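Side chains are part of it too, since the values below use all heavy atoms of this structure and drop only hydrogens, waters and symmetry mates. Nothing here was measured: the structure is a model prediction, and the numbers come from that model. So that the names make sense, note that chain A is the first sequence line, chain B the second, and so on, each numbered from 1.
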Amino acid sequence: MKQLEQYPVFVTNSLTGTKEIFKPVTPGFVGMYVCGPTVYNDVHLGNVRTFLTFDIVSRYLRFLGYKVRYVRNITDVGHLENDADEGEDKIAKKARLEQLEPMEVVKHYTEDFHEVMRQFNILPPSIEPSATGHIVEQIEITKKLLDKGLAYESNGSVYFNVRKYNQKNHYGILSGRNIEELVESGRELDNQDEKRDKIDFALWKKASPHHIMRWPSPWGDGFPGWHLECTVMSTKYLGDTFDIHGGGMDLKFPHHECEIAQGTGATGKAPVNYWLHSNMLTVNGQKMSKSLGNSFLPRELFAGTHKLLDKGYGPMAVRFFMLQSHYSSTLDFSNEALQAAEKGFKKLVNALVLIKKMEPAPAASDSEISKELTRLSRECYLNMSDDFNTAKTLAVLFEMSARINDLQSGNIKLSDVDKVAFTEFKETYIGFMEEVLGLQEEKEQNDETLKGAINLLIDLRKKARTDKNFALSDKIRDDLKKLGIQVKDGKDGEMTYSFE
RNA sequence: GGUUCCGUGGCCGAGUGGCUAGGCUGAGCUCUGCAAAAGCUCCUACAGCGGUUCGAAUCCGCUCGGAACCUCCA
């Protein structure tokens with residue numbers, strides 16, 4: 001609990017547009033909800049960025065000592081292609097096209113999603129509820145809104161009455177709109193007769209005879225509206241008012257706006273204290289999205305098969321690349337930027353491997369270098385506590401890695417470094433790399449058998465060097481290099497290696 | 001048309017009213033049997049035009065350029 005009090009966290013709250021000090025509803029505990037994927041298709045890198053952003057948020061809050069309950073849903077029903085009456089559920093459409101049961105589609109893409117999350121070292125949430133598992137609750141809240149007069153039934157469907165809600169609340173509070181503007185700019189849709197007002201949105205939709213995903217309800221067979229599931233699943237597990245709600249910027253309107261309206265309408269309380277929105281991943285300045293057809297799939301990236309890529313990149317290098325920018329900025333995806341990131345990432349990992357093997361000197365020392373190491377350690381916390389600024393934190397980690405290399409090469413002597421300062425430095429570097437930022441060695445580098453074999457070759461090369469058999473020592477070095485293993489000679493004849 | 005946001009050195013990208021991140025690339029030096037790695041140094045930028053200020057890339061206004069949202073989207 002020490003760090004939790006020492007480093008107060010500041011977050012940019014989309015609701016107010018300002019950076020605020022973070023105060024959870026219950027001290028020491030955090031409830032966080034993030035809109036998960038609609039599992040009708042492969043997740044692309046833009047989706048990954050959002051889930052990475054909130055992975056960092058939950059990791060860091062936990063690192064500080066908060067107990068975090070992180071809920072991220074799976075949308076497996078209710079997501080319409082558009083808001084018109086004939087809008088088709090995405091899952092159902094995919095199932096029809098591929099001649100599958102809807103749940104087959106859901107299972108396949110859910111597993112694919114989990115696999116991608118695992119590859120990027122994005123930790124699973126505490127609870128991962130699915131919309132189809134909460135139909136009963138969605139019907140209940142719809143009833144509640146009907147009872148309160150904030151919703152109305154129309155031809156077997158139920159709609160949220162935005163104007164009625166807006167009499168006592170502000171619909172548009174999150175996205176900076178008011179309903180007059182929405183009425184003027186809103187697109188005219190066909191078959192609007194069911195709705196009393198075109199700005200109203202569906203809570204429950206009547207299923208047409210050929211619709212495959214359907215559940216019985218007081219209003220006949222149907223299925224829940226998209227916005228409702230998040231309201232139900234967040235408040236069910238986190239309470240009527242919880243701390244953090246996250247998601248991509250593109251969900252701000254209408255999805256999150258509707259969530260606020262539904263939650264506030266049902267309970268009389270604003271559902272969320274801090275709204276956090278992550279910005280888009282772009283390609284040539286344009287948003288990466290499924291509908292624009294410019295999305296990258298993780299497997300295309302790893303294999304380097306995408307037409308915009310020269311080569312493949314490991315998931316950790318990509319993770320590092322994304323963390324170099326702040327989550328609230330757009331990030332442009334390019335071959336050159338990835339290449340630069342890959343090199344930078346290796347630098348940090350090399351230092352990570354080195355410092356894990358270092359032990360502090362036994363004595364205390366108040367040398368300048370001790371003070372610097374202490375300062376660097378503190379900066380990691382300060383930067384992350386400032387709205388999860390991973391870019392600034394990485395800059396500090398690079399400075400730390402330079403000092404680690406100094407310690408390794410002997411430019412700085414371990415005996416000049418205070419034991420307490422060194423221990424804090426070491427724990428901070430390893431902790432921020434692995435636990436907070438989730439950056440680790442690419443997994444293929446962790447093969448003990450391989451490491452043993454390389455160490456054997458290194459021993460042989462050491463012998464060759466002391467014997468001045470440079471032809472042999474160069475051959476070992478060059479041949480290893482061809483295999484992607486780089487040998488580095490230290491000052492005292494010691495050798496280390498790294499994978500390329 | 002409405003609502004937001006952005007425009008930083010060769011490239012990518014932080015950031016702040018004065019102390020001027022970081023990575024990649026390039027040049028030089030040190031170390032080295034030669035390399036590599038590493039360390040150090042250099043190339044010092046904030047779209048344009050006005051304004052506020054002792055002082056602005058950072059605040060305000062305008063212009064130009066780009067993006068997101070307003071419709072499914074992370």
OP1 or OP2 of [N] under 4.0 Å from side-chain N/O of [X]:
{"X": "A/Asn350", "N": "B/A37", "answer": "no"}
{"X": "A/Ser329", "N": "B/A14", "answer": "yes"}
{"X": "A/Lys343", "N": "B/U25", "answer": "yes"}
{"X": "A/Ser325", "N": "B/A14", "answer": "yes"}

Please determine, for the side chain of [X], which listed nucleotide ([options]) has the closest atom?
{"X": "A/Arg461", "options": "B/A37, B/G33, B/A74", "value": "B/G33"}
{"X": "A/Arg403", "options": "B/G2, B/A14, B/C40", "value": "B/C40"}
{"X": "A/Met280", "options": "B/C70, B/A74, B/G15", "value": "B/A74"}
{"X": "A/Phe470", "options": "B/A38, B/G33, B/A21", "value": "B/G33"}
{"X": "A/Ala395", "options": "B/G13, B/A21, B/G2", "value": "B/A21"}
{"X": "A/Ser291", "options": "B/A21, B/C72, B/U3", "value": "B/C72"}
{"X": "A/Gln486", "options": "B/A37, B/C70, B/A68", "value": "B/A37"}
{"X": "A/Glu399", "options": "B/A21, B/A74, B/A68", "value": "B/A21"}

Requested in this report: Check the side chains of A/Arg72 and A/Ser58 for a donor-acceptor pair under 3.5 angstrom, ignoring hydrogens and angles.
Outcome: no
Can you tell me, in whole Å, how much space there is between the [atom1] of [N] and that of [M]?
{"N": "B/C49", "M": "B/C12", "atom1": "P", "value": "22 Å"}
{"N": "B/G10", "M": "B/C6", "atom1": "P", "value": "23 Å"}
{"N": "B/C62", "M": "B/G15", "atom1": "C1'", "value": "26 Å"}
{"N": "B/A56", "M": "B/A45", "atom1": "C1'", "value": "15 Å"}
{"N": "B/G66", "M": "B/C43", "atom1": "C1'", "value": "29 Å"}
{"N": "B/G7", "M": "B/U25", "atom1": "P", "value": "25 Å"}
{"N": "B/G2", "M": "B/U71", "atom1": "C1'", "value": "15 Å"}
{"N": "B/G23", "M": "B/A14", "atom1": "C1'", "value": "11 Å"}

Report task. Could you check A/Asn405 against A/Gln339 and say which one's nearest nucleotide on RNA chain B is further toward the 5' end? Result ->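 Taking each residue's closest nucleotide, the earlier one in sequence belongs to A/Gln339.
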Query - Residue whose closest nucleotide on RNA chain B lies nearer the 5' end, A/Leu292 versus A/Ser289 - result: A/Leu292
Query raised in the report: Do A/Asp200 and A/Lys195 sit within salt-bridge range, that is, some charged N less than 4.0 Å from a carboxylate O?
Result: no
Using distance only, find each side-chain donor-acceptor pair of residues 339-348 of chain A under 3.5 Å and give its atom names and separation, not counting sequence neighbours.
residue: A/Glu342; atom: OE1; partner: A/Lys311; partner atom: NZ; Å: 2.8
residue: A/Glu342; atom: OE2; partner: A/Lys311; partner atom: NZ; Å: 3.1

Query raised in the report: Do we count A/Phe398 as stacking onto B/G23 if the rule is ring centres under 5.5 Å and planes under 30°?
Result: no
Report task. Please examine the side chains of A/Lys198 and A/Leu182, heavy atoms only from C-beta on, and report whether any two atoms are closer than 4.5 Å. Result ->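 Counting from C-beta outward, A/Leu182 and A/Lys198 never come under 4.5 Å.
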For nucleotides 28-32 of chain B, which of its nitrogen or oxygen atoms have a protein nitrogen or oxygen under 3.5 Å away, and what is each distance?
none

Report task. Kindly assign one of parallel, tilted or perpendicular to the pair A/His256 and A/His277, based on the angle between their ring planes and the thresholds 30° and 60°. Result ->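 If you compare the ring of A/His256 with that of A/His277, the planes turn out tilted.
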Report summary line: From the list A/Arg477, A/Lys475, A/Lys481, salt bridge (Lys or Arg N to Asp or Glu O under 4.0 Å) with A/Asp479 holds only for A/Lys475
Query raised in the report: Hey, does the side-chain of A/Arg477 have a donor or acceptor N/O within less than 3.5 Å of a partner on the base of B/A35?
Result: yes
